[in-house]
Amino acid sequence: MKKSIIGLTLGAIAGVLDIIPMILQDLSWDANLSAFTLWLVVGFLISVTDIKYPGWLKGVLLAFLVLLPSAIIIGAKEPFSLIPIAILTSILGALLGYTYHRVVKKLS
């Protein structure tokens with residue numbers, strides 16, 4: 001399986017995990033779609049970026065870099081909402097990066 005497909009698939013799984021609590025909070029569809037696509041992009045970037053960091057750190061770093069523009073907008077309106085966003089981004093980014101590298105290593 002191509003590495004980018006693995007990254008996108010795992011990113012989609014992370015996206016679903018991220019939007020579950022958002023749906024339960026009855027957040028808007030555009031917020032849910034934004035969060036889901038963030039994880040698709042992060043999964044893809046993990047698969048194509050060649051930085052020599054451990055998988056979990058690469059995932060966290062790329063997740064926060066992709067989140068940054070949205071975090072500025074969110075923080076301007078609701079700064080306290082950045083706390084759970086940062087926590088979930090750290091957890092999902094680490095899990096996505098770690099899992100991607102484990103799956104690719106097994107398939108190699």
Which atom pairs, donor and acceptor, lie under 3.5 Å between side-chain atoms of residues 100-108 and protein residues at least two apart or in another chain?
unit_1, atom_1, unit_2, atom_2, d
Arg102, NH1, Tyr98, OH, 3.2
Ser108, OG, Val104, O, 2.8

Per-pair distances, 0.1 Å, donor-acceptor, side chain in residues 84-97, under 3.5 Å, sequence neighbours excluded:
unit_1, atom_1, unit_2, atom_2, d
Thr89, OG1, Ile85, O, 2.7
Ser90, OG, Ala86, O, 2.9

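By the side chain to side chain contact (heavy atoms under 4.5 Å, CB included) test, Ile19 pairs with Met22, Ile23, Asn32, Ala35, Phe36, sequence neighbours left out. A search for side chain to side chain contact (heavy atoms under 4.5 Å, CB included) contacts involving Val41 returns Leu45, Val66, not counting sequence neighbours. Asp50 meets the side chain to side chain donor-acceptor pair (under 3.5 Å) test with Lys52; sequence neighbours excluded.
Note that the CG atom of Leu67 and the CG atom of Leu38 stand 6.0 Å from one another [nearest 0.5 Å].
Among Ile13, Ile46, Leu10, the single residue meeting the side-chain contact (heavy atoms from CB on, under 4.5 Å) criterion with Thr99 is Leu10.
Residue pairs meeting the side chain to side chain donor-acceptor pair (under 3.5 Å) criterion with at least one partner in residues 16-25, sequence neighbours excluded, are Asp18-Trp39. Counting only residues at least two apart or on different chains, no side chain to side chain donor-acceptor pair (under 3.5 Å) pair has a member in residues 65-81.
Here Trp29 is tied into one hydrophobic group with Leu33, each link being a pair of ILVMFWY side chains closer than 4.5 Å.
The shortest non-hydrogen separation linking Gly7 to Ser47 is CA-CB, 4.2 Å.
Hydrophobic clustering (ILVMFWY, side-chain heavy atoms < 4.5 Å, transitive): Leu68 and Ile74 are in distinct clusters.
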**Message:** With side chain to side chain contact (heavy atoms under 4.5 Å, CB included) as the criterion, how do Lys3 and Val48 come out once you've worked through the C-alpha distance, each side chain's angles and the decisive distance to 0.1 Å?
**Reply:** CA-CA 8 Å; Lys3 290 181 180 182; Val48 298; over 6 Å; no
